[in-house]
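All of these numbers come straight from a predicted model, not from anything done at the bench.
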Amino acid sequence: AAFASLLLGLGASMWFHARSNEARALAEQASARAQAINDFMNKDVLQSADVLRASTHKAVSMFDVLERASTRASRRFDGQPLTEASVRRQLGDIYLRMQYMQQADREFARALALLEPRVHAEDPELVAARYGAAQSAVGFFRPDEALRKLALAEGAAGRDASAATS
């Protein structure tokens, strides 16, 4: 009985140790992704608007800054699809707020293409990208598409989309 208890305790310890290592690895990945996104937004997005660094010394529009960031994102995050998806979703949110619906729709579509095959349906980044895609569909006056996308996002978030549209 003592030997069985010892084996059971050892097995449980090994299981908890393995889970602890997995959690640590996930936390380190999330931290690295957050740092990469922060660096991209600060260096590639915000610093690209610095007229003192620009060769023409002309003011740069926010639209131009975002378009450059969108172009750079694929190269910068090559091999890091979840990080690129987060950046694309954030760019989509910014375009949406600025009423650039076509560009917002493009960024949300890219984010969804990167996320959907890689994360579970309840992943917060995927849900946020789906909400953004639904909002951009509303901006394009495509209510049926917006409702379909909203239902996907709401279902994953555990909400009832029909209650919001009634």
Side-chain angles (χ1 to χ4, degrees), residues 1-48 65-97 103-138 144-166:
F3 183 70
S5 294
L6 184 61
L7 279 179
L8 185 60
L10 181 62
S13 292
M14 290 174 64
W15 184 83
F16 284 120
H17 179 69
R19 296 295 163 255
S20 172
N21 286 342
E22 288 175 16
R24 186 182 328 38
L26 287 174
E28 288 171 357
Q29 289 171 357
S31 176
R33 189 174 18 221
Q35 186 61 48
I37 293 167
N38 191 35
D39 287 349
F40 178 78
M41 290 302 192
N42 284 319
K43 294 176 184 167
D44 291 302
V45 177
L46 296 177
Q47 287 183 9
S48 72
V65 168
L66 293 172
E67 286 295 286
R68 280 189 225 142
S70 179
T71 301
R72 290 177 182 158
S74 295
R75 287 189 312 267
R76 177 83 183 261
F77 300 111
D78 185 39
Q80 302 174 59
L82 298 181
T83 306
E84 182 182 348
S86 294
V87 167
R88 298 269 177 215
R89 197 229 359 116
Q90 290 176 5
L91 290 171
D93 286 341
I94 296 167
Y95 278 126
L96 195 61
R97 287 188 202 113
Q103 290 77 10
D105 199 51
R106 175 192 70 208
E107 297 301 329
F108 289 127
R110 287 178 179 172
L112 289 170
L114 291 164
L115 290 167
E116 285 175 336
R118 292 175 175 88
V119 300
H120 58 85
E122 298 84 20
D123 181 85
E125 193 68 40
L126 178 59
V127 171
R130 285 181 172 159
Y131 275 121
Q135 288 177 307
S136 67
V138 168
D144 292 341
E145 181 182 342
L147 287 173
R148 184 178 51 76
K149 289 178 177 182
L150 179 62
L152 275 172
E154 292 285 303
R159 298 186 188 110
D160 181 10
S162 63
T165 59
S166 301

Self-check item: Smallest separation among heavy atoms of Leu114 and Arg118, with atom names
Solution: O-NH1, 2.8 Å
Self-check item: Check: Arg110/Ser70 side-chain N/O donor and acceptor closer than 3.5 Å
Solution: yes
Quiz item: So which heavy atom on Val87 is nearest to which on Phe77, and how close?
Solution: CG2-CE1, 3.6 Å
Practice problem: Compare every heavy atom of Arg130 with every heavy atom of Leu112, then report the nearest pair and how far apart it is. | Solution: CD2-CG, 3.6 Å
Quiz item: Between Glu116 and Leu126, which heavy-atom pair has the shortest distance, and what is it?
Solution: CG-CD1, 3.7 Å
Exercise. Take Gln103 and Leu66 through the side chain to side chain contact (heavy atoms under 4.5 Å, CB included) test and state the conclusion after the steps.
Key: CA-CA 9 Å; Gln103 290 77 10; Leu66 293 172; over 6 Å; no
Quiz item: Judged by atom type as modelled, is there a donor-acceptor pair below 3.5 Å linking the side chain of Thr71 to the main-chain atoms of Glu67?
Solution: yes
Practice problem: Quick one: pull up CZ in Phe108 and CG in Leu91 and give me the separation to the nearest 0.5 Å. | Solution: 9.5 Å
Quiz item: Salt bridge between Asp144 and Arg148, side-chain N to carboxylate O under 4.0 Å?
Solution: no
Exercise. Could you tell me which residues satisfy side chain to side chain donor-acceptor pair (under 3.5 Å) with Arg19, sequence neighbours excluded, listed by chain and number?
Key: Glu22
Quiz item: Roughly how far, to the nearest 0.5 Å, is CG of Leu150 from CD of Glu145?
Solution: 12.0 Å
Self-check item: Leu96 versus Ala104, closest heavy-atom pair with distance
Solution: N-CB, 3.7 Å
Practice problem: Tell me, with the steps shown, if Val119 and Glu125 meet side chain to side chain contact (heavy atoms under 4.5 Å, CB included). | Solution: CA-CA 9 Å; Val119 300; Glu125 193 68 40; over 6 Å; no
Practice problem: Quick one: closest heavy-atom pair of Arg88 and Ser74, and the distance? | Solution: NH2-OG, 2.7 Å
Exercise. State the CG-OH distance between Leu152 and Tyr131, to the nearest 0.5 angstrom.
Key: 11.0 Å
